[in-house]
Q: 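Once you've had a glance at the structure underneath, I'll fire off some questions.
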Amino acid sequence: MLIQQLVNGLTLGAVYTLIALSFSLVMGILGVLNLAIAELFMLGGYFGFAVLMAQLPLPLALIAGMAGAALVAAIVERIGYQPFRAAPVVTPMLSTLGFSIILQNVATNVWGSDPLQLTDEVLSGRFNIGPVSVSAIQLTVLGVTVLLVALLAFLVQRTSIGRALRAVAENRDVARLLGVPAGRITLIAFMLSGALAGAAGVLIGVHYAAITPYIGVEIGLKAIAVMVVGGTTRIWGALIAGPLMGVVEVMTVAYGGSQIRDFVVYGFMILILLLRPQGLLGGGRSDQGQRV
Amino acid sequence: MNSTAPARLKLDHVTKTFGGVHALTDLSLQVAPGQIVGVIGPNGAGKTTTFNVITGAYRATSGSVLLDGHDVTAEPSHRIARAGIMRTFQNIRLFSDMSVWEHLLVAQPHAGSFARRLLPTRFSNPKAIERAEEVLEFFALGDVRNRLARSLPYGLQRKVEMARAVTARPKLLLLDEPVAGMNHDEAETIRSLMLRLRQDGLSILLIEHDMAFVMNLCDHLYVLDFGVLIAQGRPEEIRLNPAVLDAYLGRAA
């Protein structure tokens, strides 16, 4: 029972990890909380569903969810962030909040406010490992997450684009003086972030076999708590915080009841803010706040 | 200086004001190809402001900045960098999570197509790797290539910053106090590196307080005081210029 819950928690945690990485990619580089990410996650799910309902395979649905969300992220960057770059950070945050509400509204109008159900099972089958039963979908969620995280790590650490991203994140002015086109790098960061959120949307949609326009608020926003717990200045904090929060949440539901679920998750976030504001992985206290 | 060839760098009547304060007033200066030119003056004279205007970090209030005859005054700083102007900083600004080697790669952001820049540099971009190796050897940084640049001793950090600036093969190198805080031997190393870079045709404009260093190295000097050019000429001329003596010694006395 306990191990079974652990597996369920890790599956949820995998999705949190992806969305939290999505948040912290933009946060780490620009110091801006892109609130529209929660809805990019939701839209990614719908894009993926559209592909699945056309009887196309899951990998295609993933690609569609990622590409679609990345495209919308690019629009958010050009309209909701770029014009406000010189403004205080709260201004782009408010504009992305506006985007977030609009996107949810668009989804409600296009797909309706009732949950959209997957009629055919995308992946069937379960694997029994001792007393633990893992569904093929759970394995897929975990596998795709690990793959995407590895790809992202690789991109950030080993490629030209990744180096430029890190340079802009640490010091935008110096990066530009080295010839790094910071504006374009910012756009790329938004799109990468969108692609991650979109993938998470497809995965959670497939996992629940259903999606609603409100999933962004329910699950997407929780990833902000995950990011805070991991440490907002350390992108990779989400790798620990995501699984942790997923497990905490599932255990809370299993042993405490679902009515206190959000209380525990967000309470944990506030506790971290109070006791260790730099997050679990953050370095010294000086690590919090300004990074760019 | 050959008068028919356009100057590598030309500042033409540049003025920069912040609010009502004149940081630079009507400054004109030139650097010829392969020349080492010094900008000297007391603190607050406008030397670093000059660098900031040249690199596009500040926009000149009036006047223009020309690189090889092309007006770059209104260009954004990443374009100016790409056009061939690179700089170092008075207070070293290296990236905290990058090795020496990575600093030489990040300084080549345009090497390769976009698709290649999404692949691991080592396999996708042999030219960038080759150039980084070349620079590493030139600056004798091979032993510390995999060390985090920020963990190195101060003198080496300065060298890494200079190496980073040179990697993209700029036409003009701006050095902001390249030997500040260095001992004599370290300063000598930097001096010989600068001379070798000049041999390769690089033009260098430097800010430096170490007078002996400047006098021994520069082909031409500009002296600023309160944002105004008060003297210019060859080092031996500047040494005896009464206005310069007054700006330095008069203030100190």
Side-chain angles (χ1 to χ4, degrees), chain A residues 24-25 28-29 66-67 70 74 82 85-86 148 150-189 191-192 195 231 233-237 281-284 286-287 290-292, chain B residues 51-52 54-58 75-89 91-99 101-125 128-129 132 150 161 164-170 174 176:
Chain A
S24 75
L25 206 58
I29 288 183
M66 291 175 76
Q82 176 60 33
R85 222 184 53 71
L148 287 178
L151 270 176
L152 180 72
F154 188 79
L155 185 81
V156 169
Q157 294 300 329
R158 291 270 177 268
T159 70
S160 267
I161 293 288
R163 249 174 254 116
L165 278 169
R166 282 186 283 147
V168 173
E170 180 162 344
N171 196 325
R172 186 185 169 91
D173 292 334
V174 172
R176 294 184 70 213
L177 291 170
L178 291 171
V180 176
R184 202 177 313 158
I185 293 298
T186 303
L187 181 63
I188 291 171
M191 293 182 74
L192 275 176
T233 59
R234 294 291 158 100
I235 291 185
W236 308 114
L281 265 204
S286 62
D287 216 33
Q290 180 139 13
R291 161 169 165 167
V292 181
Chain B
F51 273 22
N52 283 331
I54 295 172
T55 56
Y58 298 158
E75 293 282 324
S77 51
H78 66 276
R79 290 246 181 83
I80 294 177
R82 209 179 168 183
I85 301 180
M86 285 283 162
R87 71 166 292 181
T88 66
F89 301 89
N91 45 343
I92 300 170
R93 294 187 192 166
L94 295 167
F95 297 115
S96 58
D97 71 337
M98 289 191 202
S99 64
W101 176 248
E102 280 193 294
H103 275 88
L104 303 185
L105 293 181
V106 80
Q108 306 181 69
H110 298 284
S113 64
F114 181 78
R116 276 173 182 229
R117 279 180 267 146
L118 285 168
L119 295 169
T121 314
R122 184 156 286 285
F123 305 111
S124 64
N125 208 328
I129 298 286
R150 285 258 194 99
E161 219 190 30
R164 176 177 73 177
V166 166
T167 308
R169 304 179 194 276
L174 308 179
D176 198 341

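Here is how names work: the chains are called A, B, and so on, in the same order as the sequence lines, proteins then strands, and each is numbered from 1. The structure displayed is predicted, hence computed values, not measured ones.
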Q: Is there a side-chain contact between Val174(A) and Arg164(B) (heavy atoms, below 4.5 Å)?
A: yes

Q: Tell me, for Ile161(A) versus chain B, whether the close heavy atoms (under 4.5 Å) come from the side chain, the backbone, both or neither.
A: both

Q: So for Thr167(B), is it side chain, backbone, both, or neither that comes closer than 4.5 Å to the heavy atoms of chain A?
A: neither

Q: Taking the side chain as every heavy atom from C-beta outward, state whether Asp173(A) and Arg93(B) have any atom pair closer than 4.5 Å.
A: no

Q: Could you report the tightest heavy-atom contact between Leu177(A) and Arg87(B), atom names first, then the distance?
A: CD1-CD, 4.0 Å

Q: Quick one: closest heavy-atom pair of Pro76(B) and Arg176(A), and the distance?
A: CB-NH2, 3.4 Å

Q: Can you give me the closest heavy-atom contact between Val180(A) and Val106(B), atom names plus distance?
A: CG2-O, 4.2 Å

Q: Below 4.5 Å from any heavy atom of chain A, which atoms of Asn125(B) appear? Answer side chain, backbone, both or neither.
A: neither

Q: Could you look at Ile185(A) and say if it's the side chain, the backbone, both or neither that has a heavy atom under 4.5 Å from chain B?
A: neither

Q: Is the shortest side-chain heavy-atom distance between Thr159(A) and Arg117(B) below 4.5 Å?
A: no

Q: Give the minimum heavy-atom separation between Gly179(A) and His110(B), together with the two atoms involved.
A: O-NE2, 2.8 Å

Q: Of the listed residues (Ala128(B), Pro120(B), Ala107(B)), which shares the most heavy-atom pairs with chain A below a 4.5 Å separation?
A: Pro120(B)

Q: Quick one: of Ala182(A), Ala175(A), Pro181(A), who has the most non-hydrogen atom pairs under 4.5 Å with chain B?
A: Pro181(A)

Q: Give me the atom names and distance for the closest heavy-atom approach of Glu102(B) to Gln157(A).
A: OE2-O, 3.6 Å

Q: Just verifying a value: how many Å separate Leu118(B) CG and Phe154(A) CZ, rounded to the nearest 0.5 Å?
A: 11.0 Å

Q: For each of Arg79(B), Arg82(B), Met86(B), tally heavy-atom pairs with chain A at distances under 4.5 Å, and name the one with the top tally.
A: Met86(B)

Q: So what's closer than 4.5 Å to chain A heavy atoms on Leu174(B): side chain, backbone, both or neither?
A: neither

